[in-house]
Asks: 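A single structure is presented below for examination.
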Amino acid sequence: MLQKIRNEWKTIVQNQIDEMAKGILGEGADVPELTIQVPPKPELGDIAFPLFSYAKVLRMAPNKIAAALKDNIESLSDKPEGELILAGPYLNVKIDVIALADVLYKTIKENGSEFGKNKQYDGKKIMIEFSCPNTNKPLHLGHMRNDSLGMSVSSILMANGADVQRVNLINNRGVHICKSMLAYQKFGNGETPESTGMKGDHLVGKYYVKFAQWEKEDDTAVDQAKAMLVKWEQGDEEVLKLWKTMNGWTLDGLAESYKKTGVSFDKYYYESETYKLGKDKVLKGLEEGVFYKEEDGSVWIDLEDINLDKKVVLRKDGTSLYMTQDIGTAISRHDDYPFDSLIYVVASEQQYHFKVLFHILKSLGYTWAKELYHLSYGMVNLPDGKMKSREGTVVDADELFDSLASIAKKEIQDKERENQVDGLDKTSEAIALSALNYYLLQVSPTKDMVFDSKKSISFNGNTGPYLQYMGARISSMVRMFEEQKDEYASIEFDSKYLTQPEERELIKSIALYPEIVEKAGKDFDPSVICSYLYDLTKLFSKWYHDNKILKAEDKNVVVARMGLSSLVLQTIKNAFPLVGVTFLESM
RNA sequence: GCGCUAGUAGCUCAGCUGGAUAGAGCAACUGCCUUCUAAGCAGUAGGUCAUAGGUUCGACUCCUAUCUGGCGUACCA
């Protein structure tokens, strides 16, 4: 909406510049394209056109160009609503916000939850892979960033018109899986999640830790684990039985964590089922000369010409590697769901892996390989440094979630709002989840971040709970307004009663929302939406604090302000799910 | 060594594909609850945007070099 207004003005100004250039330089002058900016202060208008770059072409000082343009444009009979402002070398426009508010009101009332969506990826099939846990331990904070990103980006893509398929790849085979199995076999005494009351993934994780301890005392431990893997690959009944049992425990536990944190997938892939698929493709590629064989029998690809070194794709004993399996998985995925694009949400430490993977798939002749994208995200560190499993500083996902929820719960109780909220536990968990998602998503994905659990649970400032609180405040007003509806029955929303400076800013901010969704979709970046939401709610908060809404004296003003509030409400309701924030009617 | 990536206020982060005095939050200090939920609002203080050059009318933004940190460079995943 704002975009449209900006472009209208741009066309007008650009045309005038072209005219001036023609007058001075004659036909065919090379005139640079106009850039559009936002003035730093509201008093300076809403749209800015810097004119520096025309000084040389037109042989005039930018201020004079601005003045001349202003005169010329004002004399035009056909121009958009708005007012031109001279600001030195800038020509600015103050748009007609009242008119914008009317359009906005109509649009949002008509479109409701559809407001903000666009067709950028209309008809595109996009597959997105994320989470990809191992079945030897529970989820930790690192997975949570991955999951938050995966869920958020896929929601954002849907809002941009894409047909999205969320997939998970369960890493359920390998030596590391055998380690927890072996430790359980040796020290488990037949424990089960039922007998211990432990969540399955935590129970398995306990034996993974146990293995690490045992490994220090017995140097045959790793060899025993490797031997177990061989047995597993040979289909040894006893090993498979244990594997199935323990995998089941972990997967049950993971399912519970996913459910709690609102993570879901359209399809699960299991490494145990896909690891052999890549092998055939590699052998075929070997025949075609994409790969070569070393004397020891291992298969390689030489990527030195593109600065990616040499990479092994099949072990000398013929078994598959991570790379082998990923080749197969990608191919089978494209068979399952012929995507236009596949996004891998994987930590930045695997950038090299994906460069190589994508290159290999291209070399094997898959044309869709150029549509593969590694959404690389940075590490989650702690205020004291890195998370290290050896030092026991890894933040467990379930524990973190539960502790956040209990803090939220206490807060509700302290404020004596148990009866106001829709279920104490339900609300506390919704607050905890939103706090977590928002904290993880507000940082640009590519950057490493510091996760301070103390700050994450703080409900002040730029946090999920703050956003939820604003949503709840507006909802509360809307409810009260509904109760007194009869008093206002004869009054229509009229934007001309929105005269406060904050109201101007609010209207502009709401109008910006569709562009924000588009940008987030284009960049695969949820943090864009986070910043936007915080700006919008902060703006609302100030306005709401300084002005009476429901209790304004003039009923026309009440209706206009409630109308504006409802637009803010609809906008944040639409934006919240894109960044994993739960909307609460009351908190 | 080589490759990738980052370095903005004490801390955590923004900074719109170069533009008008670099913005928030937290922490610190200070105001504001007989008034629509104070999980709030406002104010004060805090910066030679790692350093040095370069390109440009103009650089936090682009280029080069240097310093510092992270990651990778496994027949682990």
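Note that this is a predicted model, so its numbers are computed, not measured. Every chain is numbered from 1, with letters handed out A, B, ... down the list of sequences.
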Asks: Would you say the rings of Y466(A) and Y534(A) are close, in the sense that their centroids are separated by under 6.0 Å?
Replies: yes
Asks: Mark yes or no for a side-chain to base donor-acceptor pair under 3.5 Å between N460(A) and A38(B), with no hydrogen or angle criteria applied.
Replies: no
Asks: Which nucleotide sits closest to the side chain of I549(A): C36(B), A77(B), A20(B)?
Replies: C36(B)
Asks: How many Å lie between CD1 on I306(A) and P on U73(B), as a whole number?
Replies: 16 Å
Asks: Looking at Y322(A), F358(A), Y344(A), which hits ring-ring contact (aromatic ring centres under 6.0 Å, His included) with H353(A)?
Replies: Y322(A)
Asks: Would K409(A) and D425(A) satisfy salt bridge (Lys or Arg N to Asp or Glu O under 4.0 Å), going step by step from the backbone distance to the final call?
Replies: CA-CA 7 Å; K409(A) 189 171 174 176; D425(A) 287 330; 3.0 Å; yes
Asks: Angle class for the W243(A)/W232(A) ring planes (parallel below 30°, perpendicular above 60°, tilted otherwise)?
Replies: perpendicular
Asks: Quick one: E553(A) CD to U35(B) P, roughly how many Å, whole number?
Replies: 18 Å
Asks: Could you please name the option among A14(B), C4(B), C36(B) that lies closest to any side-chain atom of V443(A)?
Replies: A14(B)
Asks: Consider the side chain of S541(A), meaning its heavy atoms from C-beta on, and name the nucleotide among C41(B), U12(B), A14(B) that approaches it most closely.
Replies: C41(B)
Asks: Quick check on C41(B): is either OP1 or OP2 less than 4.0 Å from any side-chain nitrogen or oxygen of Y466(A)?
Replies: yes
Asks: Tell me the partner of C62(B), counting only Watson-Crick (N1-N3 plus N6-O4 or O6-N4) or G-U wobble (N1-O2 and O6-N3) with both under 3.5 Å; none if nothing fits.
Replies: G54(B)
Asks: Determine the contact category for N547(A): base if any of its heavy atoms lies under 4.0 Å from a base atom, sugar-phosphate if only primed atoms, P, OP1 or OP2 are that close, otherwise nothing.
Replies: base
Asks: Classify the nucleic acid contact of F52(A) as base, sugar-phosphate or nothing, counting any heavy atom under 4.0 Å across all strands shown.
Replies: base
Asks: Would you indicate which nucleotide in A20(B), U73(B), C36(B) comes nearest to any side-chain atom of A48(A)?
Replies: A20(B)
Asks: Write down the distance separating the P atoms in U48(B) and A9(B), rounded off to the nearest Å.
Replies: 9 Å
Asks: Among C57(B), C76(B), A20(B), which is the nearest nucleotide to the side chain of R315(A)?
Replies: C76(B)
Asks: Nearest of C36(B), G25(B), U37(B) to any side-chain atom of K455(A)?
Replies: G25(B)
Asks: In whole Å, measure the gap between the P atoms of U21(B) and A28(B) for me.
Replies: 33 Å
Asks: Look at R473(A) and A38(B) and indicate whether a side-chain polar atom (N or O) is within less than 4.0 Å of OP1 or OP2.
Replies: yes
Asks: Tell me: CG of D448(A) to C1' of U12(B), nearest whole Å?
Replies: 14 Å
Asks: Hey, can you tell me if Y270(A) and Y268(A) have their rings parallel, tilted or perpendicular (30° and 60° cut-offs)?
Replies: parallel
Asks: Starting from P on U37(B), measure out to CG on L584(A) and report it in whole angstrom.
Replies: 16 Å
Asks: Ignoring the backbone of A87(A), work out which of A20(B), U12(B), G40(B) is nearest its side chain.
Replies: A20(B)
Asks: Looking only at side-chain atoms of V450(A), point me to the closest of U12(B), A24(B), A6(B).
Replies: U12(B)
Asks: Indicate the ring-plane relationship of Y488(A) and F481(A), choosing parallel, tilted or perpendicular according to the 30° and 60° boundaries.
Replies: tilted
Asks: Any idea which of A20(B), C57(B), A77(B) is nearest the N92(A) side chain?
Replies: A20(B)
Asks: Determine the interatomic distance between P on A22(B) and the same-named atom on U30(B); round to the nearest Å.
Replies: 28 Å
Asks: Is A472(A) touching bases, backbone alone, or none of the nucleic acid, heavy atoms closer than 4.0 Å?
Replies: base
Asks: At under 4.0 Å, does any side-chain N or O of T446(A) touch on OP1 or OP2 of U5(B)?
Replies: no
Asks: With respect to the side chain of Y534(A), which nucleotide from A20(B), C41(B), A24(B) is positioned closest?
Replies: A24(B)
Asks: What distance, rounded to whole Å, do you find between the two C1' atoms, one in U44(B) and one in A59(B)?
Replies: 31 Å
Asks: Round to the nearest Å and state the distance from D546(A) atom CG to A38(B) atom P.
Replies: 14 Å
Asks: Say you pick atom P in U17(B) and the same atom in U61(B); how far apart are they, in whole Å?
Replies: 15 Å
Asks: For a quick check of understanding: with a heavy-atom distance under 4.0 Å over all strands, which category does L314(A) fall into, base, sugar-phosphate or nothing?
Replies: nothing
Asks: Do we see Y544(A) stacking on the base of C36(B), given a limit of 5.5 Å between centres and 30° between planes?
Replies: yes
Asks: What is the distance, rounded to the nearest whole Å, between atom NZ of K41(A) and atom C1' of U21(B)?
Replies: 8 Å
